[in-house]
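This chain uses plain numbering: 1 for the first residue, then up along the sequence.
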Amino acid sequence: MEQPPERAGHEPLTEEQLHASTVGELRVHEGPIQLADYDPAWPELFARERQRIAATLGEGALRIEHVGSTAVPGLAAKPIIDILLVVADSADEETYTPALEAADYVLRVREPDWYEHRMFRGANVQVHVLSEGCPEIERMLLFRDRLRIDQADRELYERRKRELAREEWKYVQNYADAKGDVVEGIIARARAEPRG
């Protein structure tokens, strides 16, 4: 699966792209980002949500992983648990969306031009849905695993997050996109070095 040109290099999303990919109303943030110090309860919150998703989708959930900053011990984060859900075909929404919505997850992002990514929101949870074999899965897990084992990269990423969090952001996605250069550097180092 080739990386779609619309997001090649993980370029920041334009306002037009944000509107196009948002299901429902695009929420304006207009302010700094609130980061929380690492909370040891985050893995427990993930485990609870993982169990709910697995029970909801059964064999349709091919893989459920804790990703994002809350998955990295010691790292400050927005207190929202990011979950990667791998399904056979994320474009085939009928195979998972009704069940997730019945479990109180709300579809908020649909990106057919970027790996058919979907994102659902729950209570302090974001569930990112990708298809089995999607290269973004490897990137997300490589980034998470690198931050878990490499203190220098973890500290670099946290410094960048804290610097950016103090700024005013119209949309939270703008803040996420602004971290892209640091994220790409960390992923490049993770790919260049053997896993520990």
Colleague: Using 0.5 Å steps for rounding, measure from the CD atom of Glu193 to the CD1 atom of Ile149.
Modeller: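 Between atom CD of Glu193 and atom CD1 of Ile149 there are 8.5 Å.
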Colleague: Do side-chain atoms of Arg108 reach the backbone of Phe120 as a donor and acceptor pair under 3.5 angstrom?
Modeller: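 No; judged by distance alone, with no hydrogens or angles, the pair does not exist.
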Colleague: If I compare all heavy atoms of Ser90 with all of Ser131, which pair ends up nearest, and what's the gap?
Modeller: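 Heavy atoms only, the tightest pair is N-OG, 2.8 Å.
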Colleague: Indicate yes or no for a side-chain donor-acceptor contact from Lys161 to the backbone of Ala76 under 3.5 Å, with no hydrogens or angles considered.
Modeller: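 The answer is yes, because a donor-acceptor pair under 3.5 Å joins these two groups.
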Colleague: How about Lys179 and Leu164: do any of their side-chain heavy atoms sit closer than 4.5 Å?
Modeller: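 SC-SC contact between Lys179 and Leu164 confirmed.
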Colleague: Can you tell me if Asp82 and His66 form a side-chain donor-acceptor pair at under 3.5 Å?
Modeller: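 Judged by distance alone, the side chains do not pair up.
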Colleague: Would you say the side chains of Tyr171 and Arg27 form a donor-acceptor pair under 3.5 Å?
Modeller: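 Judged by distance alone, the side chains do not pair up.
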Colleague: Test of understanding: with side chain to side chain donor-acceptor pair (under 3.5 Å), list the residues that count as partners of Arg110, not counting sequence neighbours.
Modeller: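 For Arg110, the residues satisfying side chain to side chain donor-acceptor pair (under 3.5 Å) (neighbours in sequence not counted) are Glu93.
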Colleague: Mind checking the CZ-CZ spacing from Phe143 to Arg191? Nearest 0.5 Å is all I need.
Modeller: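 With rounding to 0.5 Å, CZ (Phe143) is 12.5 Å from CZ (Arg191).
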Colleague: Can you measure from CG (Asn174) to CD (Glu167) and round to the nearest 0.5 angstrom?
Modeller: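 Here the interatomic distance stands at 11.0 Å.
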Colleague: Taking the six-membered ring where the residue is Trp, are the ring centres of Trp42 and Tyr38 under 6.0 Å apart?
Modeller: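 Yes, the ring centres sit under 6.0 Å apart.
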Colleague: Any chance you could measure Leu75, atom CG, to Glu155, atom CD, to the nearest 0.5 Å?
Modeller: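 Atom-to-atom, Leu75:CG and Glu155:CD are 10.5 Å apart.
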Colleague: Taking only residues two or more places apart in sequence or in another chain, which ones pass side chain to side chain donor-acceptor pair (under 3.5 Å) with Arg48?
Modeller: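 Side chain to side chain donor-acceptor pair (under 3.5 Å) check on Arg48 returns nothing, list empty.
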Colleague: Indicate whether any N or O donor in one side chain lies under 3.5 Å from an N or O acceptor in the other, for Ser69 and Lys78.
Modeller: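 Per modelled atom types, Ser69 and Lys78 side chains form no pair under 3.5 Å.
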Colleague: Going from CZ on Arg52 to CD1 on Ile83, what distance comes out if it is rounded to the nearest 0.5 angstrom?
Modeller: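 The CD1 atom of Ile83 is 9.0 Å from CZ of Arg52, to the nearest 0.5 Å.
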Colleague: Less than 4.5 Å apart, any side-chain heavy atom of Leu84 and any of Arg63?
Modeller: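 No, their side chains stay 4.5 Å or more apart.
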Colleague: Counting only N and O atoms by type, is there a donor-acceptor contact under 3.5 Å from the side chain of Thr97 to the main-chain atoms of Glu94?
Modeller: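 A pair under 3.5 Å: no.
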Colleague: Going by heavy atoms in the side chains, are Val127 and Met119 under 4.5 Å from each other?
Modeller: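 No; the side chains remain at least 4.5 Å from each other.
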Colleague: Is there a side-chain hydrogen bond (donor to acceptor under 3.5 Å, both in side chains) between Glu49 and Tyr105? Walk through the geometry before answering.
Modeller: CA-CA 11 Å; Glu49 296 296 327; Tyr105 297 101; 2.4 Å; yes
Colleague: Is there side-chain contact between Arg144 and Glu65, with heavy atoms separated by less than 4.5 Å?
Modeller: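 Arg144 reaches Glu65 side chain to side chain.
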Colleague: Please indicate whether Glu30 has more than 12 foreign heavy atoms, meaning atoms of other residues, nucleotides or ligands, lying under 6.0 Å from its CD.
Modeller: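 Above 12, so yes.
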Colleague: For Tyr175 and Glu168, does a side-chain donor sit closer than 3.5 Å to a side-chain acceptor?
Modeller: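 No.
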Colleague: In Å and rounded to the nearest 0.5 Å, what is the CG to CG distance from Asp89 to Leu130?
Modeller: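 Those atoms lie 11.5 Å apart.
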Colleague: Compare all side-chain heavy atoms of Leu142 with those of Ile186 and state whether any distance is below 4.5 angstrom.
Modeller: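 Side-chain contact under 4.5 Å: no.
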Colleague: Please tell me if the side chains of Ser21 and Glu111 come closer than 4.5 Å, counting only heavy atoms from C-beta onward.
Modeller: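 Yes; the side chains approach each other to less than 4.5 Å.
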Colleague: I'd like to check His117 versus Val129 (side-chain heavy atoms, cut-off strictly below 4.5 Å). Are they in contact?
Modeller: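 Not in contact.
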Colleague: Between Arg139 and Glu136, does a salt bridge (Lys or Arg N to Asp or Glu O under 4.0 Å) hold up when you go through it step by step?
Modeller: CA-CA 5 Å; Arg139 282 175 48 83; Glu136 187 63 15; 3.1 Å; yes
Colleague: Less than 4.5 Å apart, any side-chain heavy atom of Ile80 and any of Thr70?
Modeller: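 Not in contact.
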Colleague: For Arg162 and Asp37, run salt bridge (Lys or Arg N to Asp or Glu O under 4.0 Å): C-alpha distance rounded to whole Å, both residues' side-chain angles, the deciding distance at 0.1 Å, then the answer.
Modeller: CA-CA 11 Å; Arg162 289 191 183 278; Asp37 289 335; 3.0 Å; yes
